[in-house]
Each structure stands twice: as C-alpha cells, then as structure tokens.
Amino acid sequence: MNHWNRVERRCGSWRWIGGLLILLPGLVLVSDAMAEVTLRCGSRLISRGALQIEVLRACGEPATREYLGSLSEGWLYGRQGQISRMVIFRNARVSQIKSGPRL
Amino acid sequence: MVPITRVWRRPATLLGVGMATMMGVGQAAIDPAAEQVLRSAGAYLAGADSFRFQADVSVDEKHDSGLWLEYSLHYRIAVQRPDRLRATVTRPGETTEIWYDGETFTVLAPDRGVFVQLPVTGSLDGALDTAMAQSGHAVPLARLLYEESLLPLLNMAEDGFLVGTDLVAGTAAWHLAFRGEDRNWQLWVDDGAVPLLLKGIITYTGEEDEHRYRVEFSDWDLATPLAPGAFEFVAPAGAQSLEEAMIVDEEEAQGQ
C-alpha cells in the first residue's frame, strides 16, 4: 500500500477531507519543468530537502497530518477545487511531494 | 571499545541475572533477568555525565511499487548533562545538524543553507520535548537521551524475556525481547564490563503500521566529553535563518 492509498484508507473519502480543508491564502501548487512536484506557499518554494519546520512556517498547519512510519509523516495541503499536495517527510525533511486528487 | 572510566561490577550483574533467571522465568510477565539487564543498561547511561556514540538506523518502508524497501540514516550524537546536545543526522545528499546549548535549540540544513532556532531553556529532557513539539523535528533516538533513558521501555512492555547471549559486531551481548501493545522490541546489551546498548530492533505490528526499525550503536564514549564550544551554534558562512530566508523570498517576489 503506497502513501496515498494508506492515507486514503485512513481518512475515508477525499470528499470528506475536502470538507475539512482550511483555505490557505497564498498557497499555490506548482510543478517545475523537471516534473518534480513542488509546493509554493506565499513566496517560499517548498521542495525536496526542506525542513519540517520550514514547511510549517511557510505553509501553516496542514489540513491533515498522517503518521506513515517510524520516521515518516505525510502532510496534506490544498484548497477546494484545486489539486492537493501530499508532502512526505522522512526524518523531518521533505523526501517527496506528491500530487493528489482535486479537492 | 573506547575507554570508559566507570567500572561496572560485572560479577554482580552476572550473579543478579543468574538468580533472577532461576527465580523468575515463566512466572512474571517480564522475566526479572531481562528486566535487570535493561535496568542496568538504563542506569549506566543515566548515570553518565556525558556520552557520545554513533548509530546506524535502518527503517522499512512500503514503496509505491509494493516492495518493502529499507532506507538508512547515520547518527552522531553527543550529550553533556544536564543541558547540552549535539547531533548530526546524515542521509545521502542530506545532512541535518542539531545543537542545544541550554538556551537555544538550533536545526541547520547545510545543504539548503537554512537554520531554525527556538528559544528553549532547561534540562535536556524538557528542552527536547519542547523543541520537538514546537519544531516538529524529531530528535534522533530522543528516548535514549532522556535521563530515565531506557526505563520507560519496561512500562511499555506487556511481557519480556532474556533470550540468551548473542553477538553484535563480534561483541558478546545479552539478547532481550519484549512485547508491547502495537510493537515488539529486541535489545542487545553488552555483557562485558559496561552494559551499553549495542543494537535494537522495533517491530511494529499494527495492521497499517507493520514495519521494522533497526539501530546499531557504535563508538560509545563516556570518558571524553566534547569541548564546551562544540554545543554552541555558529552560523556557517552563507547560511541564513529561516526568517531571513523568507524575507529575501518576499523581497524577490515583490521585485519581480
């Protein structure tokens, strides 16, 4: 079961999550030319290697936090009507940012 | 093994383990022999004014492909009681440095040229709790760094026993096994002059959380504390605080 499936299974339907999402002003989801998914929060571009606290301060509290393992955690960002982003942390650093479904 | 100044009374330990084994196996939920070894290891570490060690950590993770993959980290950790910590966590292409000097908890990502500082005071135990709560940044092997050290592991155990003796990197060790509500753990404790932790494996047993966490310790040194200045953060050239970096981002965004 991958991270998405695991999160989906824990949270139930994405529609349910969408209902809980906090609208985050200034949060824009982008993908760069190398197809690495990134997350822009205000003026800060969040990418692989970012510190967990860096993401928290730039993007605010995520809609959901999911425990994904001993050193792994997934934070869901997005707003209704947009493609969501799941930020996967490993050892408190961003290891991956995944595109999610439209909320 | 590095030199260690404290002398551990091994015969007493062995006698205690032997008596506990004879008296306790199969009767108590936690085998007294296993409890005694664990308490010895915890007390030894808790009684140290300073210690440092290295650790290789490996964690299983279910990959998107469906395969279970193992990834690894390397820790270098130094503690000076009551309120000093220095840690380095290394992964390929990524290093995280941590300092606590009794007043400020600092996390530096050298590869990003960014550091974060949190004003935290007090003993190391309280500082770790506060810093982890505020930053979300897990301090590596934090449980081991607390003054109570390994003892909370006993409270978490539903049962446990002394498996016997084993080898860890050629060193003879007591092999302990414990079962908890949602995880089982094995510990290997040096059966020589000092009861230091050599290895640990945690097996998470939850249906959605089934994985293993393995740590092997090396280069324990309880005799040579780091120089006092080693616990004080000095920003390397080119590094910015996160606050500075975010202001620069904002200025660049406004200039465009």
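Letters A, B, ... are given to chains in the order of the sequence lines, protein chains preceding strands, and every chain is numbered from 1. Owing to the predicted nature of the structure, the values given are computational and were not obtained by experimental measurement.
Scanning residues 80-95 of chain B against chain A with a 4.5 Å heavy-atom cutoff picks out B/V89, B/R91, B/E94, B/T95, ordered by number.
For the set B/E210, B/R212, B/E250, the count of heavy-atom pairs under 4.5 angstrom toward chain A peaks at B/E250. For the set B/T96, B/V114, B/V107, B/D60, the count of heavy-atom pairs under 4.5 angstrom toward chain A peaks at B/T96.
In this structure, no portion of B/I202 lies under 4.5 Å from any heavy atom of chain A. When heavy atoms are compared at a cutoff of 4.5 Å, B/Y75 approaches chain A solely by way of its side chain, counted from C-beta outward. Proximity to chain A (any heavy atom under 4.5 Å) is restricted, for B/E243, to the side chain, taken from C-beta onward.
Under 3.5 Å, the side chains of B/E252 and A/S43 contain no donor-acceptor pair of N or O atoms.
Within 6.0 Å of the CZ atom in A/R57, the count of heavy atoms belonging to other residues, nucleotides or ligands exceeds 12.
B/R112 and A/E54 are joined by a salt bridge, as a carboxylate oxygen and a charged side-chain nitrogen come within less than 4.0 angstrom of each other. In summary, B/D111 and A/R93 engage in a salt bridge, as defined by a charged side-chain N under 4.0 Å from a carboxylate O.
Of the possible polar contacts, one joining the B/H211 side chain to the A/S70 backbone as a donor-acceptor pair under 3.5 Å is found.
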query: Yes or no on side chain to side chain contact (heavy atoms under 4.5 Å, CB included) for B/L242 and A/R44, after CA distance, side-chain angles and deciding distance?
result: CA-CA 10 Å; B/L242 179 57; A/R44 187 98 184 137; 4.2 Å; yes
task: Assess whether side chain to side chain contact (heavy atoms under 4.5 Å, CB included) is satisfied between B/E61 and A/L71, documenting all intermediate values.
output: CA-CA 10 Å; B/E61 191 172 279; A/L71 300 173; over 6 Å; no
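If you take CG on B/L118 and CD1 on A/I53, they are separated by 4.5 Å, rounding to the nearest 0.5 Å. The OH atom of B/Y71 lies 3.5 Å from the OG atom of A/S72; values are rounded to the nearest 0.5 Å.
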